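This is a predicted model, so every value here is computed, not measured. Chain identifiers are assigned alphabetically (A, B, ...) following the order of the sequence lines, protein sequences preceding nucleic acid strands; residue numbering begins at 1 within each chain.
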There are 2 protein chains.
Amino acid sequence: MSNTKVLPLLEPEVPEAVAPCCPPLTERPFTAEEAETAARMFKALGDPVRLRLFSAVASHEGGEACVCDISDVGVSQPTVSHHLKKLKEAGLLTSERRGTWVYYRVEPSVLAAMGKLLTIAPAVA
Amino acid sequence: MSNTKVLPLLEPEVPEAVAPCCPPLTERPFTAEEAETAARMFKALGDPVRLRLFSAVASHEGGEACVCDISDVGVSQPTVSHHLKKLKEAGLLTSERRGTWVYYRVEPSVLAAMGKLLTIAPAVA
DNA sequence: CATCTATGTTGACACATGTCGAACCAAGCG
DNA sequence: CGCTTGGTTCGACATGTGTCAACATAGATG
């Protein structure tokens with residue numbers, strides 16, 4: 001074995017652009033970079049099917065759900081998979097295979113971060 | 001005068017789908033209609049340029065700004081106008097002409113409504 | 001009225017996105 | 001090993017979207 005476990009960098013999908021993202025929208029005008037980062041998350045939730053999938057996962061027991069539990073949103077199964085992938089790439093969901101089924105889970109910090117974006121007053125006091 | 005002020009219905013752009021929209025995303029799976037409504041707002045903020053414009057208005061003095069104050073976001077003026085229109089159609093901004101300039105203003109209830117969508121626990125107690 | 005400035009609208013175009021069917025991978029099971 | 005079930009990936013297609021240049025409109029001002 002020539003290359004065992006070299007280059008641990010360059011992970012395929014890193015939801016790093018989530019938690020410490022940006023100040024509240026009302027605090028000051030967003031910079032281009034901040035807008036780019038935050039818009040990615042809003043965009044991920046900007047599709048009805050994705051929003052239903054995300055809500056289904058987020059409201060499911062333990063903030064986690066099997067694909068089979070939430071794939072009844074009126075589109076084909078490949079489309080469901082496609083949207084779940086998008087949500088994963090946006091850092092809103094994580095997935096894990098356990099035996100036969102694949103479970104998706106929502107990061108609580110994501111909701112908190114996005115919620116802070118939309119606060120009226122930054123409470124600078 | 002044959003038709004003076006008849007038919008006050010059918011307004012051109014009504015941001016009605018904003019305030020009492022949907023329960024928190026984590027409360028229960030969204031219905032198709034709820035998702036459609038909420039996704040429209042998220043989608044409107046899902047573009048970096050629009051997010052910058054919205055943030056610029058929201059953070060401006062009095063939650064209101066002239067187009068000339070916020071149109072420095074790296075795109076042409078028609079594009080700015082186009083995005084502001086989109087934000088208006090999504091119910092996130094309102095506009096008003098005062099003399100030479102057009103002022104855009106953010107509805108505080110909108111931020112509150114979207115913030116509620118992203119709350120972790122609905123505090124059902 | 002002529003004209004200038006500030007915004008909005010139109011038309012066109014490149015590109016991104018949502019969707020599906022078909023093919024493919026991954027586990028369990030006979 | 002082949003079959004079945006759950007899920008993803010691929011390829012293709014139609015539609016949506018962001019962008020700009022050109023034109024149009026609304027007030028102000030001379």
- Message: I need the CG-C1' distance between B/Asp72 and C/dA6, as an integer number of Å.
- Response: 16 Å
- Task: Would you kindly confirm whether A/Tyr103 and A/Val73 end up in one hydrophobic cluster when ILVMFWY residues are joined by side chain heavy atoms under 4.5 Å apart?
- Result: no
- Item | Phosphate contact (C/dC20 OP1 or OP2) by A/Ser76 side-chain N/O below 4.0 Å | yes
- Shortest non-hydrogen contact from B/Ser55 toward A/Arg28: OG-O, 2.9 Å
- Note on the structure: From the candidates C/dT19, D/dC20, D/dG7, the one with an atom nearest any side-chain atom of A/His82 is C/dT19
- For the side chain of B/Arg50, counting heavy atoms from C-beta on, which of D/dT19, D/dG18, C/dT7 is nearest? D/dG18
- Item | d(CD, B/Glu96; C1', D/dA26) in whole Å | 15 Å
- Specify the separation, in whole Å, of atom CG of B/Asp47 and atom C1' of C/dC15. 14 Å
- Among D/dT19, D/dT9, D/dC20, the one nearest A/Lys85 by side-chain distance: D/dT9
- Item | Residue mapping more 5' on DNA chain D - nearest nucleotide basis, A/Pro78 or B/Lys86 | A/Pro78
- Query: Whole Å only: how far is the CG atom of B/Leu84 from the P atom of D/dT19?
  - Reply: 12 Å
- Would you kindly give the NZ-to-P distance between A/Lys88 and D/dT9, to the nearest whole Å? 7 Å
- Item | Presence of A/Ser81 side-chain N/O under 4.0 Å of D/dT8 phosphate oxygens OP1/OP2 | yes
- Query: What's the spacing between B/Cys66 SG and B/His60 NE2 if we round to 0.5 Å?
  - Reply: 8.5 Å
- Message: Between B/Lys43 and D/dT17, is there a contact of a side-chain N or O with OP1 or OP2 at under 4.0 Å?
- Response: yes
- Taking C/dG18, C/dC20, C/dT7 as options, the one with an atom nearest any side-chain atom of A/His83 is C/dG18
- Any link between A/Leu87 and A/Val75 through a network of hydrophobic side chains (Ile, Leu, Val, Met, Phe, Trp, Tyr) touching at under 4.5 Å? yes
- Item | Separation of C/dT7 C1' from B/Trp101 CH2 (nearest whole Å) | 13 Å
- Assign B/Tyr104 to base, sugar-phosphate, or nothing according to its heavy-atom contacts below 4.0 angstrom with the strands shown. sugar-phosphate
- A/Gln77 atom CD is separated from C/dA22 atom P, nearest whole Å, by 15 Å
- Item | From CA spacing to verdict: side chain to side chain contact (heavy atoms under 4.5 Å, CB included), B/Val49, B/Leu53 | CA-CA 6 Å; B/Val49 173; B/Leu53 290 172; 4.2 Å; yes
- Message: Among C/dG18, D/dG6, C/dT9, which nucleotide has an atom closest to any side-chain atom of A/Arg97?
- Response: D/dG6
- Rounded to whole angstroms, how far apart are CZ on A/Phe42 and P on C/dT17? 17 Å
- Message: Any base atoms under 4.0 Å from B/Thr100, or only sugar-phosphate, or nothing? Heavy atoms, all strands.
- Response: sugar-phosphate
- Just compare C/dT17, C/dT19, D/dT19 and give me whichever is closest to any side-chain atom of B/Val75. D/dT19
